[in-house]
Each structure stands twice: as C-alpha cells, then as structure tokens.
Amino acid sequence: MEASVRSLAALIPTDFTIGVATAAFQIEGATTEDGRGASVWDVFSATPGNIVDGHSPEVACDHYHRMPEDVALIRELGAASYRFSLSWPRIQPDGMGAPNQAGLDFYDRLIDELLAAGISPMVTLFHWDTPQALQDKGGWMNRDTAYRLASFASIAAEAYGDRVARWVTINEPATVSTNGYALGLHAPGETLRLGALPSVHNQLLGHGLSVQALRGLGAVGEIGLSNVYSPMVPASDTILDKLSAALLDTFQNRLLADPVLLGKYPDLIQLMGRFSDFSPSAEDMALISQPLDFYGLNYYLPTRIEAGVGESAVPAGMAEALGDDLSDSIPGAPFHLTDWPGVPITAYGWPIVPEYLRVALTELAERYPDMPPVIITEGGASFDDQPAMSPNGDGAVVADIRRIDYLEKHLRVALAATAAGGPAEAIDLRGYYVWSLMDNFEWSAGYNQPFGLVHVDFKTLKRTPKQSYYWLKDVLAARSESGAPRDDALALVDPTDSQ
Ligand code: IFM
C-alpha cells in the first residue's frame, strides 16, 4: 500500500464518514415499470435537443434491476454509508395520494440489502424528479408543491424511518431554480430569469415542512439538506468584476444558505422584494430555519466571474460538453462566467483548484456562526477514462488517475481546513460522500460526463471498478487497520449484522 494512502487514512478522524452517492433518476432506469409515474425529467429528456446526443434516461445504469450487484460493489469498497434518493414518482406517481406499493418495496429491499451489508443508508427525498403531474400545476413555482413534498416525506418516514441513518430533504435547490426555472437548461425547462425566485422559496419551504414531517413521525436518523456552494472569484481587481462576483455569490450561494442558517434572505433579495411581491412570512422563515442535525455541502468547483456581457453564460469547456448554444442563457446579465487560465479542468470544463474547498469552508464558517455539523454530501469530478486491457492481460483497467488526484487533494484540503488551528476550524466536518458510485445519466449532458468510481458500459451495462475505486478501497482499509472505530452517527447499523 502506498505511503500517501496510509498518510491520508491517518488524517481522517474516527467519527468521519466516507460514503458514496447517487440519485434515483440518474441510475435507476425502469422509468415506466411497476407503476412509476412520469417526472419532469422524463418529459424534458424526451424533447429533442434537451439532452446532449439525444441520450435517453430510460435504462440509465439499470440499477432498478441490478441493485444487489451495486450494493455488493459498495460493500467491497468498504464505504460506511450510501447516499441515494427516492424516486418521488416511483413512490407517488402523481406526487400526491396513496403510495405505489411496488415503488415502496424497491427501496425497502435496497435499505435491507444495505443494512445486511453493513452500509448505512442516507436517503435524499428530493433529487430533482418532481412528478410531472405536480409540474402541470406549476411545479416549484406553486407553493402547494412544498406541502406535497412534506406528504411524501411522511410516507418515507413511515416506511423507512426506523432504518435510515441520515435524511437529506432536498438536493441543490439552487440548481433546480437556476437551471430548471430561470435558464431552461434543466427540467422543467422554464426560462423565467429572476421570476424564478418563488421556486427557491417553495423548495426551502418544502425542506422545512419535510423536516417537521420526518421529526413528527419519529424518524430516528439525522436530518439536513444539501446545498451546492461555489466560491465566487472575480476575474480581476476591478470594482465591476468584484461587484459581479458579489452578485452571483448572493444568487447562487447566500440565497439558499442564509434562509436556512440565518432565518432571512440576503439584503439584496429583500430589497428586490420591495419591487415585486416576494415577501415571505415570519412563519415560513421559522420553518425554513429550524435547527438541523447537519448541513450538507455539495462542493465541486470555484466560479470565475467577469463583468460585462460575455459570449457564453458558462465557460467554453462546459458549453462544449453540454453541446448547446448557451450564448443567450442569461440575456442582458451584467456579467458572465469565464475560464480559468492555466488551471486543469474536468471533462465538463470545471476548473480544478482544490484550495477553493478551503475557501468555501472558511466562508461558511465566517458567515454562519451557528452552523450545525457539516457533511460534504457530494464531491467529485467527471473524466472520460475508458477501460483498457491491463498490461499483463488479466482484465480491464480504468486508469482514472485524475479522479484519484482530485479526491485525494480535496479530502486533504477539507480535513486540514477544519482541523484545530485551520481557517475553518469552527466547522465540525463529519463526512465526505464521493459523487458518484458509478457513471450515470448526468442530466442535460446525458452519459457524456462520467463521475463514477465504477465505469458503466451503457451498451452492455457492465460495471468495471476504476482505479479510483481501488484507491478509495485502500484508503478505507488502511483506516480500519489503524483501528479507527465506526462513525457514531451511523450506529444504526450494527457492524456485526454483516458478519
Ligand atoms: O450529477 C450531479 C448531481 O445530481 C447533483 N450535483 C452535481 C452532480 C454533478 O453535476
């Protein structure tokens, strides 16, 4: 075992969870089986031009039929926890009313399979697959959808509340509102620009009501939500670039984090509310900001911003990956995102600058003094490394060295920043979930952005663990060799069950 693996393992605190993550729509397939209803993503994906290369999510990784094989991969890896999402329309085909038993049964089997393998389930209630029937009534622009999510949370609590160690109510509401309701890059494909603001509030309200529902029904697990956070970096020292960065910081980071952690929207948003009818009630804000057991941070990249109207709303590399003409994605916006000269990028074109995870954690520590424990609920990178025959000819290897480098550096940065004496020591960091267990349907980018520790051949559906999988397995093995006890928060899983 390499010295760097041992030294990384030695840095990981005993109560720190290393897990792997996925989401239902990205891996399950079986989109019309066993009574599943349609989600906004089924409808959006079926519209020509919305998904790069016309890729279809109908089969995806076929996880619905191969679930035991996938759980075995997690067990072999040695990860303590698996974060997955419940497909809302598989359980509630129309987003309301009585649950579909076959849908409930699937997650019942998954949770039992995980527990039997000694893996702790972390369940996301909403990872973007709004039932189309609710979208037909306005989706997240309609306040009622928040109450529908809370009813869904109650169904989940009753079915699985005794066996789930951690709950994430909603995943990346910023992405849903920005890409889905403001820019039309994601389902449901609305282009409401700033008019998308109510979709933010309604999702956060859905979060608050779901926390209440889970707690009210006695769910035993910890409860939080996952917000994506990207440090905003002005392209220069000019006042206009700095203002642009501050503006995007407000709309992408603070807009979602302040209400949850401070109980109020950023001043700029409140100011804007004076010119529209956006003025949330004190009752809503209290629901949204009720104390959480953990705060989920999805961290991938910093964002570099330049003032002025640019050619593209997204950096060139990413626009190319998405394959769309995004040149008018933010028409009239006074700034644009720009590439980072001299910095390595992922297949998406996302800049790789691990030090910015320290910046993110430090900013969070400074902004939110009452921060609950933090879990990095997603982190990872897309690289398109393909299987090749090993030099000794005994099997296929996927040499995703860049992913190993990404994960190792980001883990080291996060652990150092939050250790005693680190700039973000106020943050009690409890875990890191790698996005993703396996290559999957990367939303509008189709199957073109592989994030997995496990390669999936989307023709044969064969799974091939990549080098990063074996690397992480070594890190986890080195950790347990050094006698690190299991994470207390995951004590719901009795390790002896798997023996
Ligand atoms: O694949 C997505 C995931 O669904 C949400 N967070 C970002 C990932 C990579 O783009």
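We count ligands from 1, going down the list as the structure has it; atoms in each ligand are counted the same way.
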Close N or O approach (E442, ligand 1; < 3.5 Å): yes

Donor-acceptor pair, side chain of S444 and main chain of L185, under 3.5 angstrom: yes

H127 near ligand 1 by a heavy-atom separation under 4.0 Å: yes

Check ion pair D439-K466 (N to O, under 4.0 angstrom): yes

Where ligand 1 meets W350 - atom numbers and elements under 4.0 angstrom, heavy-atom basis: 10 (O)

Residue, atom name and distance, where the atom is the protein heavy atom closest to atom 8 (C) of ligand 1: Y300 OH, 3.4 Å

Sequence-distant partners of F251, ring-ring contact (aromatic ring centres under 6.0 Å, His included), two or more places apart: none

Y64 six-ring centre to R36 NZ/CZ under 6.0 Å and within 45° of normal: no

ring-ring contact (aromatic ring centres under 6.0 Å, His included) partners of Y469, counting only residues at least two apart: none

Contact partition for F25 relative to ligand 1, non-hydrogen atoms under 4.0 Å: neither

N or O pair under 3.5 Å between N171 and ligand 1: no

Contact (N/O only, under 3.5 Å) between Y348 and ligand 1: no

Numbered atoms and elements of ligand 1 in range of E172, under 4.0 angstrom, heavy atoms: 5 (C), 6 (N), 7 (C)

Polar contact flag for W128 and ligand 1 (N/O pairs, less than 3.5 Å): no

Ligand 1 contact by F441, heavy-atom criterion under 4.0 angstrom: no

Close N or O approach (Q26, ligand 1; < 3.5 Å): yes

Side-chain (S226) to main-chain (L297) donor-acceptor, under 3.5 angstrom: no

S199 backbone acceptor or donor facing Q203 side chain under 3.5 Å: yes

Distance from atom 7 (C) of ligand 1 to nearest protein heavy atom, with residue and atom: E378 OE1, 3.3 Å

Pair H186 and W140, ring centroids less than 6.0 Å apart: no

